[in-house]
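First comes the structure, then the notes that go with it.
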Amino acid sequence: MRVICAGHVNWDVTLRVDHLPEPDGEGRIADRSQSSGGSASNAAVALAGLDADPLVLGSVGRDDHGTMVRRELAATGVETVLIESDDPTAVKYLIVDESSDVAVLGNDGANEAFGAADLPAETLAEADHLHLTGQDPTTAAALARDATAADVPVSFDPGRRLPYRDYSSVLSHADILFCNDREADHARDSGLFEAVPTVVVKHGDCGATAHIGDQTVTNAGYPIESVDTAGAGDAFAAGYLLASAREIGPERALAVANACGALAAQSPGAQTTLDWESVWELVDSERSSEPV
């Protein structure tokens, strides 16, 4: 399955701390690591591990971080169309405490230097799906319109910026909206739920709910010990898209998505290399524990 993931491409620095300090407080750094990141990249890496054929559309700077991003994505089997900018590659600092809660610090840098015209029309037309993540609303809307015109399904995971940017033009072309509980509240209040045929709401460690037309499907998720929840939502989206394409039913697709998110939460860093054996093992172990 050919999936184009468009959006932010970052260099992530993850700091594991004993606690998130209050103002004028201090926390202890227990571990420091770094890797490529950004929602578009995270979803693409998860897709590649699940035997899909992902391509990332984004932008980086002409710097060492941009070079390292390209190298790491290539090593995971992800094809890229990365526009180079005079601005530096965006660097995000992910601060993870002992309970796996994540705080993020960063700036946009080169993140939104790419435009819809940077994606060749033939490349989009040959895709099976376009997955949009948080980015400039004008760019996202143009990509969504182009995909709709090419009869390519569109999903959108705007992330934490949904309440602060006008994505209504994007959602008018989207087939699936991914959001968390806070973002879902904003979408309901803004009437955005009604604009999208399928809305999938992620509840963190409490599972997820899919609103598909008049049908509502819920999966409670899996009892796991989280290590780092960064990128878990992107892995969730990757799993849902691939499972839905297999036409295994909405309940099973949601179970697969939750398994992908859970596996990502058990791994440090925002990018997780998934595999179907681990996903089905988690899904089937939960089914086998259900009362007969």
Side-chain angles (χ1 to χ4, degrees), residues 1-9 39-48 50-59 77-83 112 114-159 162 165-179 187 191-201 210-215 217 234 236-250 252-254 256-257 260:
M1 182 176 176
R2 179 65 155 174
V3 183
I4 297 174
C5 301
H8 290 177
V9 177
S39 289
S41 295
N42 298 342
V45 169
L47 287 163
L50 297 174
D51 303 324
D53 181 22
L55 179 148
V56 169
L57 171 66
S59 44
V78 175
E79 185 181 344
T80 59
V81 176
L82 296 180
I83 304 306
E112 299 187 351
F114 73 98
D118 292 313
L119 181 66
E122 61 272 18
T123 301
L124 177 58
E126 292 169 356
D128 298 300
H129 193 92
L130 172 67
H131 179 59
L132 300 171
T133 62
Q135 58 194 279
D136 177 75
T138 301
T139 299
L143 286 167
R145 285 194 299 268
D146 291 346
T148 299
D151 200 27
V152 175
V154 178
S155 57
F156 186 33
D157 191 343
L162 178 61
R165 307 182 90 170
D166 183 4
Y167 285 120
S168 55
S169 295
V170 184
L171 293 173
S172 66
H173 296 282
D175 300 281
I176 303 172
L177 169 66
F178 294 102
C179 52
L192 299 178
F193 257 45
E194 291 74 15
V196 186
T198 296
V199 179
V200 183
V201 184
H211 304 276
I212 308 168
D214 296 330
Q215 181 184 15
V217 178
D234 301 316
F236 174 101
Y240 187 88
L241 294 178
L242 294 183
S244 297
R246 291 187 173 199
E247 299 182 351
I248 60 176
R252 189 82 160 153
L254 202 58
V256 168
C260 291

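Each residue takes its place number in the sequence, starting with 1.
- Here the OG1 atom belonging to Thr139 is positioned 8.5 Å from the CG atom belonging to Asp118, to the nearest 0.5 angstrom.
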- Message: For a side chain to side chain contact (heavy atoms under 4.5 Å, CB included) check, start with the C-alpha distance between Leu50 and Cys260, then their side-chain angles and the critical distance, and finish with the verdict.
- Response: CA-CA 10 Å; Leu50 297 174; Cys260 291; 4.0 Å; yes
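- Within the model, atoms CD of Gln135 and CZ of Arg165 stand 8.5 Å from one another, a figure rounded to the nearest 0.5 Å.
- Partner His131 forms a side-chain contact (heavy atoms from CB on, under 4.5 Å) with one of Asp157, Val56, Ile4 and no other, that one being Asp157.
- Closest non-hydrogen pair, Ile248 versus Ala243, comes out as CG1-O, 3.5 Å.
- Gly239 approaches Val256 most closely through the heavy-atom pair O-CG1, 3.8 Å.
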- Task: May I have the step-by-step check of side chain to side chain contact (heavy atoms under 4.5 Å, CB included) for Val154 and Val170, ending in yes or no?
- Result: CA-CA 9 Å; Val154 178; Val170 184; 5.7 Å; no
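- If you take CG on Leu177 and OG1 on Thr198, they are separated by 10.0 Å, rounding to the nearest 0.5 Å.
- The heavy-atom pair separating Ser169 from Ala141 by the smallest distance is CB-CB, 3.9 Å.
- Panel note: side chain Asp128, backbone Val3; no donor-acceptor pair is recorded below 3.5 Å.
- Interatomic distance, Asp175 CG to Ser244 OG, rounded to the nearest 0.5 Å: 11.0 Å.
- Thr123 contributes no side-chain N or O that, together with a main-chain N or O of Leu119, makes up a donor-acceptor pair within less than 3.5 Å.
- The heavy-atom pair separating Ala174 from Val196 by the smallest distance is O-CG1, 3.8 Å.
- Considering every non-hydrogen atom in both Ala40 and Gly7, the closest pair reads CB-N, 3.6 Å.
- Side chains of Leu242 and Asp51 form no contact here, defined as non-hydrogen atoms less than 4.5 Å apart.
- Contact annotation: the side chain of Thr133 never approaches that of Asn42 to less than 4.5 Å [non-hydrogen atoms, C-beta and beyond].
- Closest non-hydrogen pair, Pro153 versus Asp151, comes out as CD-O, 3.8 Å.
- Dense packing is recorded around CD of Gln215, with more than 12 heavy atoms of other residues, nucleotides or ligands lying under 6.0 Å away.
- Residues Leu143 and Phe156 are not in side-chain contact: their nearest non-hydrogen atoms beyond the backbone lie 4.5 Å or more apart.
- Using a 4.5 Å heavy-atom threshold, the side chains of Met1 and Arg246 count as separate.
- Taking the side chain as every heavy atom from C-beta outward, Val200 and Phe236 approach each other to under 4.5 Å.
- Residues Tyr167 and Leu132 have side chains not in contact (no heavy-atom distance under 4.5 Å, counting atoms from C-beta outward).
- Under the 4.5 Å side-chain criterion, counting only non-hydrogen atoms from C-beta, Asp234 is not in contact with Ser41.
- Just one residue in the list Val45, Leu57, Leu130, Leu47 forms a side-chain contact (heavy atoms from CB on, under 4.5 Å) with Cys5, and that residue is Leu47.
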